[in-house]
Number of protein chains: 2
Amino acid sequence: MRSPCLPDSLSADDLARIEQLVARRRRVLREDVLYRMGDRGGTLYAIRLGHFKSLQADRRGGQHLTGFQMAGELLGMDALGTGLHGSTAVALEDSEVCEIPYARLLELMPRMPGLLAHFHQMLGREILREQAVMIFLGNMRADQRLASFLLDLGERYAMRGYSARSFLLRMSRDDIAGYLGLTLECISRQLARFRRNGWIRLDKRAIELTDRDALLALAAGLQPALPIDSDSARAHAA
Amino acid sequence: MRSPCLPDSLSADDLARIEQLVARRRRVLREDVLYRMGDRGGTLYAIRLGHFKSLQADRRGGQHLTGFQMAGELLGMDALGTGLHGSTAVALEDSEVCEIPYARLLELMPRMPGLLAHFHQMLGREILREQAVMIFLGNMRADQRLASFLLDLGERYAMRGYSARSFLLRMSRDDIAGYLGLTLECISRQLARFRRNGWIRLDKRAIELTDRDALLALAAGLQPALPIDSDSARAHAA
DNA sequence: CGGGTGCTTGACTCGCGTCAACCAGGGTGG
DNA sequence: CCACCCTGGTTGACGCGAGTCAAGCACCCG
């Protein structure tokens, strides 16, 4: 049986070797810090179970959320450059990770070119993901950002075998706002708007994307700003 | 004499080996495309001379600028994940690059652990840089973004032995706007504001940061929004 | 000289941040 | 068990920053 920590593309032989270098598993409780900005790096964390958020301190006390990670994804790569972590990782719920010392990974690399390539792919994907975020932070409106975000979450759940339509938001509205570069109130309003328009159904943190096409169109900027602005629609009705 | 393509931390022996794998140098003229989004990747480009911008197509025709690269920096890493380039690189002026086939780099890795580490450091730095951009796209005002941008450019020039105070903006206002997630007009206005406040001197694309401390304070968010808003100050004077 | 490109400046609009009140659920302690 | 508070979320009113539209300017090139 394959460890969820590791790539599918490796041989059984490779796998055995790798199991050794997974020094240990570690449980992380909700709100606990996996590593903190400025900590010495050198360990990669494969998430076995649970969800994390990673955040970065703004120079003026503020905090910005740079990403959400779920089971099957990798954490800790931000320390490769300087040796120090550039962000803080916090568990959104009780979670479990595999600790993989980078040094041991390097030792194994020569004998396992497949591993190296896979590792680079994960790094490359991370760079791509961040570029995608930069795009919506750079030039999308609040509703487009939120739609993109919800669709992205759904896709990632789908990749892991869950539903892309219906899932639980593991993070607070405030976290979402931080990630999307918006405010908590704005998120709340946009969610309400989506609900009124019938794009989504929402109960607390449980969400169902009832009209993914509409969300896709919105995210892609096809909608003429506000399809029929439901706010003004309400005003007219009144 | 050391090649500007490659890390300083390598032995002379390593260097000789590496010179072989730099398949060829390539000249790229102004406005020419080094690689295009969707192109097959697999080659890394070390910039020997000149400046580049990299941009990504928004799903709806729009374009977002994801970075500026100068001599001594690396391009093409965004293809590591999927094998295809996720962005387009365009020369801002006549430039020259070293083409480094990724496959050859992989071959050499086992014999040169230093090279691998260095390579990972560049990847890690790229991830960090993008996170920094996400921060200012996410929660800084236009003036703060611009101040950060100018200071960052200066620092990068300083690292390469040029002045951090006085340099040439190689890109158009429109490019800057694209990168900072703002509009061309907004950049122009903010530059004018900086100039009126005496933070900078500006002549066409030549810029001098005459008061870096003020810019730093602004970027850090220490300024109470607008110190004494020079616009209204002008209005009072009139 | 004309025309084009890159930049500046102004007037107006509007999306989103800010401030603030209010509401719902959940945990605690009397 | 109910009263209480406290946290997380919703909703409203208002103002500001930045986008948009548009006119005008400086420079370069043919």
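To find a chain, count down the sequence lines: A is the first, B the second, and so on, and within it residues start at 1.
For Ser95(A), there are no side chain to side chain donor-acceptor pair (under 3.5 Å) partners, not counting sequence neighbours. Residues satisfying the salt bridge (Lys or Arg N to Asp or Glu O under 4.0 Å) test with Arg30(A), not counting sequence neighbours, are none. The ring pair (Phe, Tyr, Trp, His ring centres under 6.0 Å) check on Phe136(B) picks up nothing, with sequence neighbours excluded.
Distance Arg193(A) CZ to dC16(C) P: 9 Å, rounded to the nearest Å. At whole-Å resolution of the value, CD1 in Ile187(B) and C1' in dT9(C) are 15 Å apart. Nucleotide dA23(D) holds its P atom 17 Å from the CG atom of Leu184(B), rounded to whole Å. Rounded to a whole Å, the CG atom of Leu92(B) is 13 Å from the P atom of dG6(C). Note: CG (Leu191(B)) to P (dC7(C)) measures 10 Å, nearest angstrom. In this structure, Leu218(B) places its CG atom 14 Å from C1' of dG17(D), rounding to the nearest Å. Taking atom CG on Leu137(A) and atom C1' on dC16(C), their separation rounds to 15 Å, with Å as the unit. As a whole-Å value, the separation of Arg30(A) CZ from dT7(D) C1' is 11 Å.
Each of Asp211(A), Leu202(A), Leu150(A) was checked for a side-chain contact (heavy atoms from CB on, under 4.5 Å) with Phe194(A), and the lone residue meeting it is Leu150(A).
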Pairs under 3.5 Å (N/O, protein and nucleotides 17-26 of chain C):
from, atom 1, to, atom 2, distance (Å)
dG17(C), OP2, Thr183(A), N, 3.3
dG17(C), OP2, Thr183(A), OG1, 2.9
dT18(C), O4, Arg189(A), NH2, 3.0
dC19(C), N4, Glu185(A), OE2, 3.2

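Side-chain contact between Arg170(B) and Leu168(B) is present, with at least one heavy-atom pair separated by less than 4.5 Å.
Looking at heavy-atom distances under 4.0 Å, Arg145(B) makes no contact with the nucleic acid at all.
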Determine all donor-acceptor pairs shorter than 3.5 Å in which one atom belongs to a side chain in residues 40-47 of chain A; sequence neighbours excluded.
none

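No close placement of the Phe68(A) and Phe52(A) rings is indicated, their centers lying 6.0 Å or farther apart. Tyr162(B) has its ring centre no less than 6.0 Å from the ring centre of Phe167(B).
Classified by interplanar angle (parallel below 30°, tilted 30° to 60°, perpendicular above 60°), the ring pair Tyr35(B)/His85(B) is parallel.
Closest to the Arg205(A) side chain, of the nucleotides dT9(C), dT11(D), dG9(D), is dG9(D).
For the segment residues 169-180 of chain A, residues with any heavy atom less than 4.0 angstrom from an atom of DNA chain D are, sorted by number, Ser172(A), Arg173(A).
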